[in-house]
Trainee: 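Right, I'll just put the structure down here and ask away after.
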Amino acid sequence: MSCPIGKKVRTVMAVITLSLPAPLFAGGVTVYQEDGAFVKIGGRIQMQYHKNDPDDGADSDTVFLRRLRPFIEGSLHKDWKGKFQFDLGKANNENEISIKDAYMEYTGFDGIKIKIGNASFPFSRELLSSSKKQQLVERTFVGNHNYGTPSRNLGIHVSGHNTDKKITWGAAISQAAIDPSSSKLDFDSPVNAKDDFNEGWIFGGRVDFHPFGRLKFSQGDFKGDMKATIGLAAFTWSNDGDFEDKTAGSNDISDVTGFELSGAFRANGFSVDTQYNRFSADTSDVIRTSGLYENGSTDLESRAVEGGYMVMPGKLELVLGYQLQDADNYAEEWARTSVGINWFIHQHDIKLQTSYRLNDNMKGVKGNDENELFVQAQYVF
């Protein structure tokens, strides 16, 4: 079904792109710049092939646009800018228009940025690393918003650093929505939430220590310099009651708390990222036992480690990853082992990726095994 708003947005983007000559800048193309004011456009295109090979059942495969994500960013006034970004790609087997970034930002304080609007919540190093800068085609459990990690949310987001940038931090208070599903703990922004999602307030923050200088939220090592980081983060979310059904048998989520411990290391073309997440969630139904939940609650734990090595510096990278997830109602831990290879034509701007993933005990069901192949072409401008 066509969307009139989506058609108008795509038309505007096309007109701007075709009508304005522009030099290329990192993270977008500046189409206008004068006296501190500017307009920048950019985006990412990720075309993906995905094949499923379950132990029991028929194989299946599909080709689709994983992400088609344009953005516009601009400023008219000193220390202020605005950005909006939307996605026309396919996620969770659904094609839909979703709002990503949509915020105003103030940078008038030294070492501090304040965003008001829809922006990334300061939790999970892997999620805060852009989808265009991931080593595996798809994120692991620790960076997946389907399993406890908040994504973008609507509120006030503050981030900063000390003088030498060896300590960075972030904090936020915002509205967040959760899908009341038994099989996942799926956070989303209220601007994209469906009618049955539970809404509530989320408070949280993080701090990261970089002993050899700041290591940004990204994966892979192109520079070869030694960098390292360790991060801690936490949040709490509570249902505000607007969409909570407290009757027996309700699927609604009443509260969630989360904790993250993460670290990363880079040197000489070698990179490793590791992370541990723990979430405690309660439902309105204290006898609910299905999916993740046992007797109305769950402790959901996930762990992941990813390593990569540039066998051809800046051009060809071999990748290995391992991840585990466990929940109170799982019969067995869900384990994933991944191997991959990345060919960088122009670093992350133009690259081809292949990942092969082995799933053991999918969704905590013993013996439910499946292998998956991902192939993705990425273009970023």
Side-chain angles (χ1 to χ4, degrees), residues 3 5-6 9 43-44 46 66-73 81-105 113-132 138-139 142-159 170-181 184-206 217 233-244 251-258 260 277 279 281:
C3 174
I5 295 176
V9 172
R44 74 194 72 171
Q46 295 176 338
R66 179 64 176 87
R67 293 177 180 89
L68 178 56
R69 190 175 292 181
F71 75 83
I72 297 178
E73 180 180 319
K81 77 171 184 180
K83 179 180 179 181
F84 70 83
Q85 178 177 228
F86 55 94
D87 194 8
L88 304 169
K90 185 175 183 179
N92 298 322
N93 296 316
E94 294 183 3
N95 285 102
E96 58 184 21
I97 296 176
S98 60
I99 304 298
K100 296 301 179 181
D101 293 322
Y103 60 79
M104 60 178 117
E105 180 179 278
K113 294 180 180 180
I114 302 173
K115 295 178 181 178
I116 302 174
N118 208 56
S120 295
F121 193 83
F123 186 92
S124 177
R125 177 177 177 83
E126 184 172 298
L127 185 73
L128 293 170
S129 297
S130 171
S131 61
K132 63 190 177 185
E138 291 293 336
R139 288 186 172 98
V142 297
N144 192 329
H145 69 82
N146 286 321
Y147 298 107
T149 294
S151 186
R152 291 171 174 85
N153 287 302
L154 196 62
I156 301 174
H157 307 258
V158 185
S159 61
I173 172 173
S174 59
Q175 275 267 307
I178 298 181
D179 184 350
S181 167
K184 55 188 179 180
L185 187 59
D186 178 14
F187 276 97
D188 205 345
S189 167
V191 301
N192 297 318
K194 298 179 180 178
D195 290 343
D196 64 338
F197 274 39
N198 301 143
E199 291 187 0
W201 288 97
I202 186 169
F203 307 82
R206 70 176 301 108
F217 292 115
F235 73 85
T236 180
W237 176 92
S238 296
N239 195 315
D240 61 13
D242 289 349
F243 298 97
E244 185 178 14
N251 289 329
D252 289 339
I253 314 300
S254 58
D255 58 82
V256 183
T257 58
E260 169 205 344
N277 291 349
F279 307 97

Trainee: Kindly say whether Gly143 contributes a backbone atom to a donor-acceptor pair with the side chain of Thr149 at under 3.5 angstrom?
Mentor: no
Trainee: Going by the rule salt bridge (charged side-chain N to carboxylate O under 4.0 Å, His left out), which residues pair with Asp101 if we only count those two or more places apart in sequence or in a different chain?
Mentor: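 Result, salt bridge (charged side-chain N to carboxylate O under 4.0 Å, His left out) vs Asp101: Lys83, Arg152.
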Trainee: Please state whether the rings of Phe187 and Phe235 are parallel, tilted or perpendicular, taking 30° and 60° as the class boundaries.
Mentor: perpendicular
Trainee: Please enumerate all residues that pass side chain to side chain donor-acceptor pair (under 3.5 Å) together with Glu138, with sequence neighbours excluded.
Mentor: Gln48, Arg66
Trainee: Exactly one of Arg67, Arg69, Lys90 should register a side chain to side chain donor-acceptor pair (under 3.5 Å) with Gln46. Which one does?
Mentor: Arg67
Trainee: The criterion is side chain to side chain donor-acceptor pair (under 3.5 Å); which residues satisfy it with Glu260, sequence neighbours excluded?
Mentor: Arg206, Ser262
Trainee: In chain order, what residues pass the side chain to side chain donor-acceptor pair (under 3.5 Å) check against Glu105, with sequence neighbours excluded?
Mentor: none
Trainee: Evaluate Leu127 against Ser120 for side chain to side chain contact (heavy atoms under 4.5 Å, CB included), listing each step before the verdict.
Mentor: CA-CA 9 Å; Leu127 185 73; Ser120 295; over 6 Å; no
Trainee: In chain order, what residues pass the side chain to side chain contact (heavy atoms under 4.5 Å, CB included) check against Ala193, with sequence neighbours excluded?
Mentor: Ala177, Phe197
Trainee: Test of understanding: with salt bridge (charged side-chain N to carboxylate O under 4.0 Å, His left out), list the residues that count as partners of Arg44, not counting sequence neighbours.
Mentor: none
Trainee: Just to verify, what does Phe217 make a ring-ring contact (aromatic ring centres under 6.0 Å, His included) with, not counting sequence neighbours?
Mentor: none
Trainee: Tell me, yes or no, whether the heavy-atom count around Lys113 atom NZ, taken from other residues, nucleotides or ligands under 6.0 Å, exceeds 12.
Mentor: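 12 or below, so no.
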Trainee: Which residues pass the side chain to side chain donor-acceptor pair (under 3.5 Å) test with Ser174, not counting sequence neighbours?
Mentor: none
Trainee: Just jot down the side chain to side chain contact (heavy atoms under 4.5 Å, CB included) partners of Ala281, sequence neighbours excluded, or say none.
Mentor: Leu185, Val256, Tyr293, Thr298
